[in-house]
Each structure stands twice: as C-alpha cells, then as structure tokens.
Amino acid sequence: MDSTFRKLKLVLALVGIITWIIGTCNAKFTPADNYLVNCGSTVDATVGQRVFVADNSQSIVLTTPQSQSIAARTTLNSVSGFDNAELFQTARIFTAPSSYSFKMRSSGRHFVRLYFFPFLYQSYDLASSKFKVSTEDVVLIDNFPQPSNSISVVMEYSLNITRDRLILTFVPEGNSTSFVNAIEVVSVPDDLITDSAQLLGVGQYLGLAAQPLQTFHRINVGGPKVTAENDTLARTWFADQSFFRNPTVAQAVTYQERLNYKDGSATQDDAPDSVYNTARRLVGQRNASSTPNMTWEFNVDGRSSYLIRFHFCDIVSKAAFQLYFDVYVYNFSAAKDLDLSASEFGTLAAPFYMDIVLPSSDPSGNLTVSIGPSSLPNATPDGILNGLEIMKMNFSSGSVYVVKPPSAAKQQLPIILGSVLGGIGAVIIVVVLCVVFRRKKKMKKPQTPLTSRPSSSWTPLSLNALSFLSTGTRTTSRTTYTSGTNSDTSYRIPFVVLQEATNHFDEQMVIGVGGFGKVYKAVLQDSTKVAVKRGNQKSHQGIREFRTEIELLSGLRHRHLVSLIGYCDERNEMILVYEYMEKGTLKGHLYGGDQPPLSWKKRLEICIGAARGLHYLHTGFAKSIIHRDVKSANILLDENLMAKVSDFGLSKTGPEFDQTHVSTAVKGSFGYLDPEYYRRQKLTDKSDVYSFGVVLLEVICARPVIDPTLPRDMINLAEWAIKWQKRGELDQIIDKRIAGTIRPESLRKYGETVEKCLAEYGVERPTMGDVLWNLEFVLQLQEAGPDMSNIDSMNQISELPSNAQRISSLEISTADESRTAMDYSQMSTSNAFSQLINTEGR
Ligand SMILES: *[C@@H]1O[C@H](CO)[C@@H](O)[C@H](O)[C@H]1NC(C)=O
Ligand SMILES: *[C@@H]1O[C@H](CO)[C@@H](O)[C@H](O)[C@H]1NC(C)=O
Ligand SMILES: *[C@@H]1O[C@H](CO)[C@@H](O)[C@H](O)[C@H]1NC(C)=O
Ligand SMILES: *[C@@H]1O[C@H](CO)[C@@H](O)[C@H](O)[C@H]1NC(C)=O
Ligand SMILES: *[C@@H]1O[C@H](CO)[C@@H](O)[C@H](O)[C@H]1NC(C)=O
Ligand SMILES: *[C@@H]1O[C@H](CO)[C@@H](O)[C@H](O)[C@H]1NC(C)=O
Ligand SMILES: *[C@@H]1O[C@H](CO)[C@@H](O)[C@H](O)[C@H]1NC(C)=O
Ligand SMILES: *[C@@H]1O[C@H](CO)[C@@H](O)[C@H](O)[C@H]1NC(C)=O
C-alpha cells in the first residue's frame, strides 16, 4: 500500500516534469518565417530581443520603372514616447506601385504587421499620403490613412498564407505616395486560429482556417499593457481602462501562482501568463438581480463581422464549480452560466479561451461586451474576464494590385531570419523531448530553421514588362522583345468574387457577346457596377489579346479611355473587368436599336471625347500606342453620355514585341480598315485616324459601315459617303432625324474633317490632335455661329505641322505580305461579309 502510494507520487512527479517540459516547449515556439524589416534604413534596429533588418541591402523591395523608392529618415532627433520608437525613425517611400516580396518557408498562419509613422521628409509629407496595401489575395488597407487618433500605428493582420511567396504591394492613390516604416511577417502556431467557432445567436461558424483577420483590439483585462517582448508571438496587449465602462462594479485581481495550462486548451501562445493572471471580477451583491453587468465598449468598423476571443482563467475561486456567469456581446447571450472549472475539468487557474463569431456588428460602430451574473438559483453573483481579442473578418472587396518579380518562379530571393536562434544547443534537448511528448495540438516546426545570408548575386528587380510605356525611342530595326506572358502589374480579382458578382455568370446578366466571349454586367460587393468580359477559353488567339489589354490598360488612366478595374486568370480563365458604361456603345445609339436619336451637339461631344482618348493614346507616351480597332462599337458611353474608348486587345506600341505570324496579320474590323495598312502592311497612328474618320461618317449618317442589303455602290459607307462629300453634297445623306438641326457651317467643317481623315495616304491625314481641334471648332460653329476671328485662329491650329516624330511605323514581315495581301486587298466588299460578321462586336 505504502509503496504503491510512493510509486504513484513518482509517476505524478514525472507527469509534472513532462508537463513542465511541454510548457517550456510551447514557450519556445520558433517561427519558420520570421521577417523583421526596418524599412528605409541602412542599419538594423534591435527591439528587445528582435532584430529588424535594414531593407536597403535586401532584394525584397520590388519597384516598377515608374516608381522611385526613397529611404527617408525623420529629422526629429528621437521619436520617443511610444513603443518600438527605433522602427519609426525611418521609412521607405514609394511614388508608384511597389512591393515587398517574402519567400515563405511554411504555409499557414502568419502575423503580418505594418508600422506607420507619418513624418515630414524633404518635400514628402507622409501625413498626406493616401494609398492602398494588398497581398495577392486580399486588400489589407484600402485607404490609408485609416481613421486613427494616434500618431503612429501598427496594423496587425493574421493571414493564412498558402502561396510560396507573400507579396505586399503598396499602391499610392493619384499622385500621392505610399510609405511604410517597418514590416513583420512571422509564422504563428497553426492552431492559433481553429476552423470553427460559435456563431453568436445559434450555430457554428466554419471556415476560419482560411479567413484573413485583422486585429482591431487586444486587451489585457485588469492588468498592465503587455508589450511584444513579453508575448511569445510578439503581440501587444493594451490595458483595458479606456474601454471599461463601469469601473465601480468590478475589481481588478492578480494571481501570483503558477497557472495550470491544460492539454487541449489554451497555451502560452494563445495569450501570455501576464494576461491570464490578471482579470476583472464582478463585485457581487447579495442579490443577483441587483448586480450590474461589467461592460467594455469598443469602436469598430460597423459594417464587418468579427471574431471575438474571450480569455478566461479562474484565478479567483477557492474551489471548483463555484463560479458561474453570463457573457454577452451587445445584448445577445454569448454564453450562459459559463462554468470555467467545468471547461477545465475541475482545475482552477487553468487558462481557457472561447471564440465567438459576431456575424454583423452594430452600424453605429460601437461594440459592447459584457459579463453579468448568472441567473442560476444557487449561483453567487460573480463573473470574470482576463483578456479579449477582437478581430475583423471582412476585408475590402476592392481589387488587389500586384507588383510581382519578373519571373516569380525562377528568382530565388534570399531569406532573412531574425536572430532568434541563439543557444540552439541548449534548446535541442527540450526540442527532442518535445517531439517525444508531442501533444495532440502539434506545432509545425521548420525542418532546418537556419539563417541564410542574403545572396551576393542580388540585383535590384524591376519590371521590364512595363518599360515599353515609359522608355524607348523609335526603333527602326527589328528588336525582339520577350512576349509579355506575365502581366506583372495588374489588378487581380479572385475568381470567386467575379462568380458572385455575376451570379455565377448568369445569362441574364449578359450585356454583350463578341468573338472574345461574353460580357456580363456585374455588381461587386462594394456595389460598384462593372462589366466583366469573360474570354472564351477555347480561343487561343484570345490569350495574346487578353495580355495586351491588361498590360496596356493597367498603365493607362484617362477620362476618355475605359478603365480596367482588374482581371482574373485563375483556372485558365481570361476575364477582364472594366468600369461599367451605363449607356452602352455609341453604335447602339446611332442605329439598329430603339434608342432615341442623339442630338448633333451630343454626337459632336461624343466624337470629341473619343478623339481625346485616341489623342492621348497616340501622344501620351514616349512611344505611340496604336489602337488598331477604332469603331463605333468600341466607343462606350457612361451615364452622362461621356465617350470612352475601349477594347485595346489589338493595340500595338511602336515596334512589334511579339514576332509570331499571328501578331503580324492585318487585324481590325472590316469597313474601318485603313486601306494603306492592308495594302502596304504599314501600321501607323494614322490608321486609327482613318478608322475614326469612318466613325465620324457613321455618326452623321447613322448607318452601318457595311450594309450588304443596300445597292452595291452604297454597301461601304466610307466609299459611298466620301463621294458625296467630294461633290459637296454630304447634306443629302445625313441622318434625317437631325438634318434640320445642323448648321451648314458646322456640317461643312465636319465634312472636311472627315475627308482629311479618309485621305488615301497616312501622311495626308491629320493627326488625332488636329482632328480633335477641328471637331471642337465644328462644335463651336454649331453653338455660336460663324465668327471670323475664331476661324482664323482655329485654322492656324489645324494647320500646325503634324507631329511626325511620334508616328511609329511598323513594318509587317515580308513572310506575311503575300498572305495578308491575298486576304484583304484582293477581297471585294461583297465576299467579305462573312468575315465582317465574325469580327463585328468583338
Ligand atoms: C497632384 O498634386 C498636386 C499638388 O502637388 C495637386 O494639386 C493635384 O490635385 C494632384 N493631382 C491628383 C490627381 O491627385
Ligand atoms: C490554411 O488554409 C488552408 C486552405 O486554404 C487549410 O487547408 C489550412 O489548414 C489552413 N491553415 C491553417 C493553419 O489554418
Ligand atoms: C516583461 O515582464 C516583466 C515581468 O512581468 C516585467 O518586469 C518587464 O518590465 C516586462 N517587459 C516589458 C518590456 O514589458
Ligand atoms: C433582490 O433584489 C430585488 C430587486 O432589486 C428585491 O426585490 C429583492 O428583495 C432582493 N432580495 C434580497 C434577498 O435582497
Ligand atoms: C446584463 O446585460 C444583458 C444584456 O444586455 C441584460 O439582458 C441583463 O439584464 C443585464 N444584467 C444586469 C444585471 O443588468
Ligand atoms: C437589445 O435587444 C433588443 C431586442 O431583443 C433590441 O430591441 C434593443 O435595441 C437591444 N438593445 C441594445 C442596446 O442593443
Ligand atoms: C458610441 O461610442 C461613442 C464614444 O465611444 C459615444 O459617443 C456614442 O454615444 C456611442 N454610441 C452608442 C449608440 O452607444
Ligand atoms: C462579412 O463577412 C461575412 C462572412 O464572411 C459575410 O456573411 C458578410 O456578408 C460580410 N459583410 C459584409 C458587409 O461584407
């Protein structure tokens, strides 16, 4: 009997030791990924035990050619008065979209912390910075600055990263800048966030494992602030005073003894001892109904769902099964008659946490959490709370923006690990024991968690795919460019988002069908209307046009060009998402539909808008961009009937960057094609001018450019109308519905402009800029009547020499010459109808 007792004691002692070792093991969680970056600095910064590595020597900064990356240091001698002051002394500033790229060693949950302190540096006032921060999957900050009263902010996100690289992209808004002072990307134990949680009200919420979270509040109830150094996962726990509403009803309690961490429950990684061994306890009255609740109130974003984690540890009871209380979120019950010792198998001082998902918060933006007495008949009025975390679940549904390394797969980026691995030898024994006594809640440990020095072969990365927009002079000889197979900088939208927005590509939402595929009207979560063009996956030819459009449009922003909002290339999809153009195509308003006729003035304004868009394409960049498919179906109208040019799938910039025969075939839409382009295979921006001239005829005549039902000489609008114009009788064939409203001077000038646009040779045609001036003059003639002084000045302007240097000529390879010549120049209009129908409405 006695020996049995002694044996039992021994076993108990052993269990104690093992428990202690396991406890130690948990405390020594070693993150597989541990990037600590001191941005914009030349020296490392040591904060407690952690070393934030200067980013100037690292290849983790990716910029586009347009972006400057500026290392800034505040002129304040010392930024003091807040935590981690060293980190806030320097910042990296970007003037255009730029990224930090981190190679991930382990897949799973990571803390991503972003430090911001907006100081003044030279001409950059960081306080006026406006920007967006996103990963490839989620928008972290949609609109910096967030409303916040503090001067410095640390934003913390908990992301399940399954990609092999985390790319954090900073996108300045307009001509603003973006900046960041420090970045942390650190692995956390996989089981920190489990997949399910109780849904407030009733039921379980599943799917937390993949859920991105943003920490909104993290408080240590009844205790002091716990800084990152005293937390195994470098979290900061704020004191709760400023959130606590009714101090008189509660007392702060502190526990001095050892906490009883239980297997399968909270660990020291869930919250440190210093959170569990302090609490607030309800001051019990004799009578439960006269004991008030204790309540905390938090300011949150009232449109989101939240994951609320309550940390409890019964550090007040003298015996088990005596403490019962109720937990509320707002006035909804989150737990009734909660008995901590029951959750902890009759053990006192055992840390425990409870997750609640709050499906929708109060729009007022105030979230309240209360602890109140249990209404059980025998229960003493009591209650306790040790810590609380409030994590936002909804992120901006806006599109993510990615600046990627040129070839993400091949480029091996060096890994930086903070120097956390001191005294490895001493730890090894514990680690071995840990492996032996691995708990059911296992921690993912890296196999070889060794630091690697930044590789010496590092070269700064830049995005060559965009360089054609910002660099390059006219190239006369053939240059082989690599085809832009990876669209390096674009707004990428997850497929599921588009699926939802289009109601699973509901046929009812189709607003257009073309050779490329179908166009759907869609509404994003933030209720932005968009047009979703879903490429036909079978069409191989589409891939090139898809890429071209992304590359071109993502670099272009203009009032009169349809903006690309994003794209999706997941699951072999080719989806382009544009701003939604409420009023459809110009073509739809001219003929064939039931639209009321547009007034002459409105038509002119639309033509002027479109001309501005094209003029910008031709001259806005070092190298002219040729649209190649100007037609009335590609001029879209917004709700105010403002014109925007769309469909850049065929666009070319200067010399070819893809030498395959497909790309060199004459493309465009029949009826609008520049005859010089298809006869001589010479593509210049004057080809767009020709096509635009045809559009001008469509606008005034309100008929299709090719109408096979008409007598032979009338089939081709351009050929037919120009004959009338040359005879000075354009007025005979114009849209009868508006003919009486057009002033003769206005019509005369318009006819002349059209005629110039349709000149046989490109050199004889005006530039898009001249066309624009002429159309503005036409509008003026219509509005104000003739005014001689005006005519002189306008003529002068239209007489300005065309900007010949800008014309980038593009020779089509001789190999294709015979083919294209056969395809097009020999073709009579009558046998080209089937071709036309196929390309129509692309
Ligand atoms: C660009 O910056 C100037 C001042 O520097 C400001 O006046 C202008 O509005 C800004 N433009 C945009 C598009 O933000
Ligand atoms: C991360 O998400 C994936 C699914 O996307 C899931 O399989 C995995 O368990 C998650 N990891 C963690 C640590 O939650
Ligand atoms: C960490 O905790 C210890 C003891 O609880 C305390 O003395 C120390 O000041 C804390 N350090 C920080 C940085 O909070
Ligand atoms: C408990 O409180 C209620 C209302 O405040 C009161 O009516 C009742 O008498 C109280 N009971 C005792 C035992 O004090
Ligand atoms: C505590 O709060 C809940 C929810 O608001 C409420 O139903 C309950 O009556 C309150 N209890 C006390 C004693 O005030
Ligand atoms: C409490 O809940 C009731 C409905 O049960 C609701 O009418 C009331 O507005 C809520 N009070 C607060 C403060 O949320
Ligand atoms: C929300 O909180 C603010 C201050 O935190 C307070 O002024 C306001 O009255 C609160 N609103 C509600 C509905 O409780
Ligand atoms: C927030 O997220 C939840 C769950 O993911 C979703 O049901 C809810 O509609 C979202 N709310 C908003 C405003 O997006």
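Just follow the structure's listing: the first ligand is 1, and inside any ligand the first atom is 1. In this chain, numbering begins with 1 at the start of the sequence shown. Keep in mind that the numbers below use all heavy atoms, side chains included, and drop hydrogens, waters and symmetry copies.
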(message) Can you classify the ring geometry of Phe298 versus His217 as parallel (below 30°), tilted (30 to 60°) or perpendicular (above 60°)?
(response)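 Ring orientation of Phe298 relative to His217: tilted.
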(message) Does the plane of the ring in Phe170 sit parallel, tilted or perpendicular to the ring in Tyr100? Use 30° and 60° as the thresholds.
(response) perpendicular
(message) side chain to side chain donor-acceptor pair (under 3.5 Å), that's the test. Do Asn160 and Gln211 meet it? Break it down for me.
(response) CA-CA 7 Å; Asn160 178 349; Gln211 177 78 45; over 6 Å; no
Which residue and non-hydrogen atom of the protein lie closest to [atom], and at what distance in Å?
atom: atom 9 (O) of ligand 2; value: Ala209 CB, 4.5 Å
atom: atom 11 (N) of ligand 2; value: Asn160 ND2, 2.9 Å
atom: atom 5 (O) of ligand 2; value: Ala210 CB, 3.9 Å

(message) Quick check with a 6.0 Å cut-off and a 45 degree axis cone: is Arg165 positioned over the face of Phe102's six-membered ring?
(response) no
(request) Can you sort out which atoms of ligand 2 are near Asp190, meaning under 4.0 Å from one of its heavy atoms? (result) 13 (C)
(request) Only heavy atoms count here, so choose which of Leu282, Asn293, Val329, Thr295 is nearest to atom 14 (O) of ligand 5. (result) Asn293
(request) Kindly indicate, with the supporting measurements, whether the criterion side-chain contact (heavy atoms from CB on, under 4.5 Å) is fulfilled by Leu282 and Thr291. (result) CA-CA 8 Å; Leu282 209 51; Thr291 304; 3.9 Å; yes
(request) Give the contacting part of Asp326 toward ligand 5: side chain, backbone, both or neither, where contact means a heavy-atom distance below 4.0 Å. (result)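 The answer is neither.
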